[in-house]
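In what follows, a single structure is set out as structure tokens and then discussed.
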Amino acid sequence: MWEFRVAEEKREEFERAYRANGDWAQLFARAKGFSGTTLLRDPAIAGRYVTLDVWESVEAFDKFKREFADKYKELDLHCEDLTEYEMKIGAFETL
């Protein structure tokens, strides 16, 4: 789960990259164990977003990061300019 702050002029492009069928979800979907992405927009604070990427296990995500390290880094660098602020909220397990 990640929190982002996005400038007004970058929001459309950010939403395209981070939405449920966006660039990140398309990359994640190439790996076994990915269940989906949810992009949330805060209606009270303009430009504030949270993403939730769901994996069947920590191991599945770790395997994805190893197998797709180059593509992950490439997309991360591309998307870096879309945000003013980015913070990992954490990784959580379903109970």
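Just so it is clear, the model here is predicted, and its values are computed rather than measured.
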Task: side-chain hydrogen bond (donor to acceptor under 3.5 Å, both in side chains) contacts in which one or both residues fall within residues 78-95, not counting sequence neighbours - done: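 For residues 78-95, and leaving out neighbouring residues, there are no side-chain hydrogen bond (donor to acceptor under 3.5 Å, both in side chains) pairs at all.
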Tell me, please, which residues at least two apart from [X] pass salt bridge (charged side-chain N to carboxylate O under 4.0 Å, His left out).
X: R30; value: none
X: K32; value: none
X: E13; value: none

Open item on the list: Is the shortest side-chain heavy-atom distance between V54 and T37 below 4.5 Å?
Closed with: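 No - every pair of side-chain heavy atoms lies 4.5 Å or more apart.
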TODO: Of all the heavy-atom pairs spanning G33 and A60, show the shortest one and how long it is.
DONE: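 Distance-wise, the nearest heavy atoms are CA-CB, 4.1 Å.
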TODO: For residues A25 and A20, report the shortest heavy-atom separation together with the two atoms involved.
DONE: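 Closest approach of A25 to A20: CB-O, 3.1 Å.
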Under a single-linkage rule joining Ile, Leu, Val, Met, Phe, Trp and Tyr whose side-chain heavy atoms are separated by less than 4.5 Å, which residues share a cluster with [X]?
X: L95; result: none
X: F61; result: W2, F4, V6, F14, Y18, W24, L27, F28, F34, L39, Y49, W55, F64, F68, Y72, L75, L82
X: I45; result: none

Task: salt bridge (Lys or Arg N to Asp or Glu O under 4.0 Å): pairs with one or both residues in residues 65-74, sequence neighbours excluded - done: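 Passing the test, one end in residues 65-74: K63-E67.
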Open item on the list: Give me each pair satisfying salt bridge (Lys or Arg N to Asp or Glu O under 4.0 Å) with a member in residues 43-59, each pair once, sequence neighbours excluded.
Closed with: E3-R48, D42-R48
- [ ] Only counting residues at least two apart or in another chain, list the ones meeting side chain to side chain contact (heavy atoms under 4.5 Å, CB included) with T38.
- [x] L40, L52
Open item on the list: Tell me whether E12 is salt-bridged to R16, with the criterion being a basic N under 4.0 Å from an acidic carboxylate O.
Closed with: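 Salt bridge present between E12 and R16.
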Open item on the list: Applying side-chain hydrogen bond (donor to acceptor under 3.5 Å, both in side chains), can you list everything that pairs with N21, at least two apart in sequence or on another chain?
Closed with: R19
TODO: Name all residues meeting the side-chain hydrogen bond (donor to acceptor under 3.5 Å, both in side chains) criterion together with D62; count only those two or more places apart in sequence or in a different chain, and write none if there are none.
DONE: none
TODO: Take atom CD of E9 as the centre, draw a 6.0 Å sphere, and report whether it contains more than 12 heavy atoms from other residues, nucleotides or ligands.
DONE: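 Yes, because the 6.0 Å sphere around CD of E9 holds more than 12 heavy atoms from other groups.
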